[in-house]
Amino acid sequence: QVHGAAYDFLRNDKLDSRSWLAPIRTTTRQNEFGFTFGGPVWIPKVYHGKDRTFFFVTYAGSRKRGATDTQSIQIPTPANLAGDFSNLVDNRGNLRRIFDPSTTRPDPQSGFVRDPFPGNRIPRDRFDPVAARIAAFMPAPNSSSTLNYRGQIGEMILDPDTFVLKLDHAFSDQHRVGASANTTKIPRLLIRSPLPPPLPASASDQIIKGYTARLTYDYVIRPTVLNQLTLGYNLFDHNNLTVTQRVFPSQTGSWPGELGLKGVPGTAFPVFTFTGGYAGFASTTGTSDDEQVYVLKDTVSWFKGKHALK
């Protein structure tokens, strides 16, 4: 007889409740599904494998969109991005002055001195062109606290697919062979910063692939002695790209080129870090690993009463 089963699991933000620690409900949509199917091999008018040849097929997949958590960070205000730092104060409420580097001059007492920008405002004609282009990507704050921007983070995409096929054939009670193949593919987009594209820091675009194949031969030497010979092959392929290489690419094919950065190789959005508690952005970490394994194994098992020796 042929037997099988199918299943499906659904989760989304319409059914989930808000975590008691989170101020908002995360937008998570997930669907897991699959099936199993197996029995004797039967080809009408050609072959009937009852009690001799069997097959088994299984598939498992999942589709996930959305986030799993929220995070708050500190970003520049629209006034800051326009060069206005007149409200920038330290923990004691004192104005933190912005000094004009073009006024740097020697000073006998302190080495060098600079003049502050009038009103603690940087004129627009003094903006670096690259900085101005990057500032255009910054979102507006959505909170009045020091951590003035809140957004969702986590696995935005997780789409694993696994397929398994297994065949078994019994030549006799003493001799059996089996073959199996397994394929796995896992696209995964992980965002660890609430900033919008292409700014998320510590973000990765992963594509994990795995392939395995096995061939086994079982020989029952005696009712208490079994020999199993196994041949196999494993291939593991792990690509961990930056999100600005494939998911959020530049319109020109190179983020450094689009931003106007000269002499910067690569296509990913450059990494920027800041002092004073401001969140950095972008990630250029990318890796690619391939691993192959060949398997040759022979196992002899001896069973004696309650004991087994391999």
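Note that the structure is predicted; figures quoted are calculated from it, not measured.
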For this session: Go through W255 and F137 one step at a time and tell me if the ring pair (Phe, Tyr, Trp, His ring centres under 6.0 Å) criterion holds.
Result: CA-CA 13 Å; W255 277 112; F137 290 105; 5.6 Å; yes
For this session: May I have the step-by-step check of side-chain contact (heavy atoms from CB on, under 4.5 Å) for E155 and K64, ending in yes or no?
Result: CA-CA 8 Å; E155 287 179 333; K64 179 178 179 292; 3.5 Å; yes
For this session: Just do the ring pair (Phe, Tyr, Trp, His ring centres under 6.0 Å) check on Y149 and Y278 with the steps written out, would you?
Result: CA-CA 11 Å; Y149 186 80; Y278 290 94; over 10 Å; no
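- Annotation: R222, atom CZ; neighbour count of heavy atoms from other residues, nucleotides and ligands within 6.0 Å does not exceed 12.
- Of the possible polar contacts, one joining the N142 side chain to the R150 backbone as a donor-acceptor pair under 3.5 Å is found.
- Here CZ of R133 is found 14.0 Å from CZ of F127. Values are rounded to the nearest 0.5 Å.
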Output side-chain donor-acceptor pairs under 3.5 Å for residues 90-103, partner residues at least two apart or in another chain, one line each.
from : atom 1 : to   : atom 2 : distance (Å)
D90  : OD1    : R92  : N      : 2.9
D90  : OD1    : G93  : N      : 3.0
D90  : OD1    : N94  : N      : 2.8
D100 : OD1    : S102 : N      : 3.0
D100 : OD1    : S102 : OG     : 2.7
D100 : OD1    : R126 : NH1    : 3.2
D100 : OD1    : R126 : NH2    : 2.7
D100 : OD2    : S102 : OG     : 3.1
D100 : OD2    : R126 : NH1    : 3.1
S102 : OG     : R126 : NH2    : 3.4
T103 : OG1    : D100 : O      : 2.7
T103 : OG1    : D115 : N      : 2.9

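- Side chains of P78 and P141 form a contact here, defined as non-hydrogen atoms less than 4.5 Å apart.
- L199 and F272 fall within the same hydrophobic cluster, defined by Ile, Leu, Val, Met, Phe, Trp and Tyr side-chain heavy atoms under 4.5 Å apart, directly or through other members.
- Taking the charged nitrogens against the carboxylate oxygens, R192 and D69 have no contact shorter than 4.0 Å, which rules out a salt bridge.
- Residues P194 and T70 fail the side-chain proximity criterion, which asks for heavy atoms closer than 4.5 Å.
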Exercise. Checking side-chain contact (heavy atoms from CB on, under 4.5 Å) for the pair D289/E291: CA distance, chi angles, key distance, verdict?
Worked result: CA-CA 7 Å; D289 299 311; E291 180 181 353; over 6 Å; no
For this session: Give the C-alpha distance, both sets of side-chain angles, the deciding distance and a yes or no for side-chain contact (heavy atoms from CB on, under 4.5 Å) between D107 and F112.
Result: CA-CA 5 Å; D107 181 78; F112 293 91; 5.9 Å; no
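- Of the possible polar contacts, none joining the Q30 side chain to the R11 backbone as a donor-acceptor pair under 3.5 Å is found.
- Tracing side-chain contacts under 4.5 Å through hydrophobic residues (I, L, V, M, F, W, Y), one never reaches I186 starting from I157; they form parts of separate clusters.
- L81 and F281 fall within the same hydrophobic cluster, defined by Ile, Leu, Val, Met, Phe, Trp and Tyr side-chain heavy atoms under 4.5 Å apart, directly or through other members.
- Using a cut-off of 4.0 Å between Lys/Arg side-chain N and Asp/Glu carboxylate O, K166 and D168 are scored as salt-bridged.
- Between the side chains of Y59 and D161, a donor-acceptor pair is found at a separation under 3.5 Å.
- In summary, the side chains of E258 and S250 do present a donor paired with an acceptor at a separation below 3.5 Å, with no hydrogens or angles considered.
- No close placement of the F37 and F56 rings is indicated, their centers lying 6.0 Å or farther apart.
- Both M156 and F248 are members of a single hydrophobic cluster when ILVMFWY side chains are connected at heavy-atom separations under 4.5 Å.
- Under 3.5 Å, the side chains of D205 and N240 contain no donor-acceptor pair of N or O atoms.
- We find the CG-CD1 distance between L259 and I134 to be 5.0 Å, quoted to the nearest 0.5 Å.
- V177 and I221 fall within a single hydrophobic cluster, where Ile, Leu, Val, Met, Phe, Trp and Tyr are joined by side-chain heavy atoms under 4.5 Å apart, directly or via other members.
- In this structure, Y47 has no ring-ring contact (aromatic ring centres under 6.0 Å, His included) partners at least two apart in sequence or on a different chain.
- Here D159 pairs with R65 in a salt bridge; the nearest charged N to carboxylate O distance falls below 4.0 Å.
- Every side-chain hydrogen bond (donor to acceptor under 3.5 Å, both in side chains) that Q292 has, sequence neighbours left out, goes to Y233.
- Panel note: side chain D128, backbone A132; no donor-acceptor pair is recorded below 3.5 Å.
- Atom CZ in F55 sits 9.0 Å away from atom CG in L167 (nearest 0.5 Å).
- Listed for the S204 side chain is no donor-acceptor partner under 3.5 Å among the backbone atoms of Q206.
- Of the possible donor and acceptor atoms, one in the side chain of N31 sits under 3.5 Å from a partner among the backbone N and O of F9.
- A donor and an acceptor atom, one from each side chain of S180 and R214, are nowhere located under 3.5 Å apart.
- The aromatic rings of F171 and H169 sit perpendicular, their planes meeting at an angle over 60°, well past the 30° parallel limit.
- Although no hydrogens or angles enter the test, the distance criterion places a donor-acceptor pair under 3.5 Å between the side chain of N148 and the main chain of I75.
- Only one option out of T299, D218, D298 pairs with Q228 in a side chain to side chain donor-acceptor pair (under 3.5 Å); it is D218.
- No side-chain donor-acceptor contact under 3.5 Å links T252 and S254.
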